[in-house]
Amino acid sequence: MATEKLPMLQDGYDKQRRELQALREERPRIVDAIEEARAHGDLSENAEYHAAKERQGQVEAMIVDLEDKLNRALIIDPTTLSGDRIVFGATVTLLDDDDKPVRYQIVGQAEADAKIGRISYNSPLGKALIGRKVEEEVEVTVPAGDRCYVVEKIEFI
């Protein structure tokens, strides 16, 4: 069975590589903390030991998850894209119900941050936008309620 590729931008890939490296560097410190806690004796009531073991489990799970995502990464450079439809990597200017422009770039889940105008292609709005053209209406239900937008501009920057 083929593994599903995860689209992401280069900076999202780089960010995840840095996170993975930091977690790998944390491993020896956790082992040291476990050994130090073991030296204190009775492990059944040793909070330091249990906390270190729990952190070790969390770090290992995060490492496995990041390695999987990076191995399945499909890095997309928006500047190499073109067309008249919204696709992953596109930067889209929308007009809301009040004709106020809002601008979003369609990115991967790990890169999404609505505060800086990056929404995931898997988000309700991201899913509603994919495949749309300029001047098309987009209706979407988001946590804040139902929204209606008109696609004003599609850029690949």
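Count residues from 1 along the sequence. Since the model is a prediction, treat every value here as computed from it, not as a measurement.
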Name all residues meeting the side-chain contact (heavy atoms from CB on, under 4.5 Å) criterion together with Asp32; count only those two or more places apart in sequence or in a different chain, and write none if there are none.
none
Across all chains, not counting sequence neighbours, the side-chain contact (heavy atoms from CB on, under 4.5 Å) partners of Ala110 are Gln16
For Lys133, all residues meeting salt bridge (charged side-chain N to carboxylate O under 4.0 Å, His left out), sequence neighbours excluded
Asp84
Shortest non-hydrogen separation from Ile30 to Ala52 and the atoms involved
CG2-O, 3.6 Å
Listed by chain and number, what are the side-chain contact (heavy atoms from CB on, under 4.5 Å) partners of Lys53, not counting sequence neighbours?
Ile34, Tyr49, Gln56
Please give me the minimum heavy-atom distance between Gly89 and Leu9, naming the atom from each residue.
CA-CD2, 4.4 Å
Looking at side-chain heavy atoms only, is the closest gap between Val138 and Leu129 below 4.5 Å?
yes
Is there a side chain to side chain contact (heavy atoms under 4.5 Å, CB included) between Ile106 and Arg118? Walk through the geometry before answering.
CA-CA 6 Å; Ile106 311 296; Arg118 290 181 152 196; over 6 Å; no
Assess the residue pair Gln10 and Asp77 against the criterion (side chain to side chain contact (heavy atoms under 4.5 Å, CB included)); give the C-alpha distance rounded to whole Å, side-chain angles, the decisive distance to 0.1 Å, and a yes or no.
CA-CA 7 Å; Gln10 183 66 51; Asp77 178 358; over 6 Å; no
Any residue meeting salt bridge (charged side-chain N to carboxylate O under 4.0 Å, His left out) with Arg27, in chain and number order, not counting sequence neighbours:
Glu60
Going by heavy atoms in the side chains, are His50 and Glu54 under 4.5 Å from each other?
no
Show the numbers, then the answer: is there a salt bridge (charged side-chain N to carboxylate O under 4.0 Å, His left out) between Asp14 and Arg18?
CA-CA 6 Å; Asp14 294 343; Arg18 288 189 301 273; 5.1 Å; no
Test your reading of the model: is there a side-chain donor-acceptor pair from Gln109 to the backbone of Asn122, 3.5 Å cut-off?
no
Decide yes or no for Lys100 and Leu95: does some side-chain heavy atom of the first lie under 4.5 Å from some side-chain heavy atom of the second?
no
Anything under 3.5 Å between a donor and an acceptor, one on a side chain of residues 147-157, the other on a protein residue two or more places apart or in another chain? List them.
none

How many angstroms lie between CD1 in Ile119 and CD in Gln105, if you round to the nearest 0.5 Å?
10.0 Å
Please determine whether side chain to side chain contact (heavy atoms under 4.5 Å, CB included) holds for the pair Asp146 and Glu139, giving the CA-CA distance in whole Å, both sets of side-chain angles, and the decisive distance to 0.1 Å.
CA-CA 7 Å; Asp146 292 342; Glu139 291 184 39; over 6 Å; no
Going from NZ on Lys5 to CD1 on Ile76, what distance comes out if it is rounded to the nearest 0.5 angstrom?
11.5 Å
Contact check, side chains of Met8 and Leu74, non-hydrogen atoms, under 4.5 Å
no
Point-to-point distance, once rounded to the nearest 0.5 Å, from CG of Leu94 to CD1 of Ile86
6.5 Å
Any side-chain heavy atom of Met62 sitting closer than 4.5 Å to one from Glu26?
no
Grab the two heavy atoms, one from Arg24 and one from Glu67, that are nearest each other, plus how far apart they are.
NH2-OE2, 2.5 Å
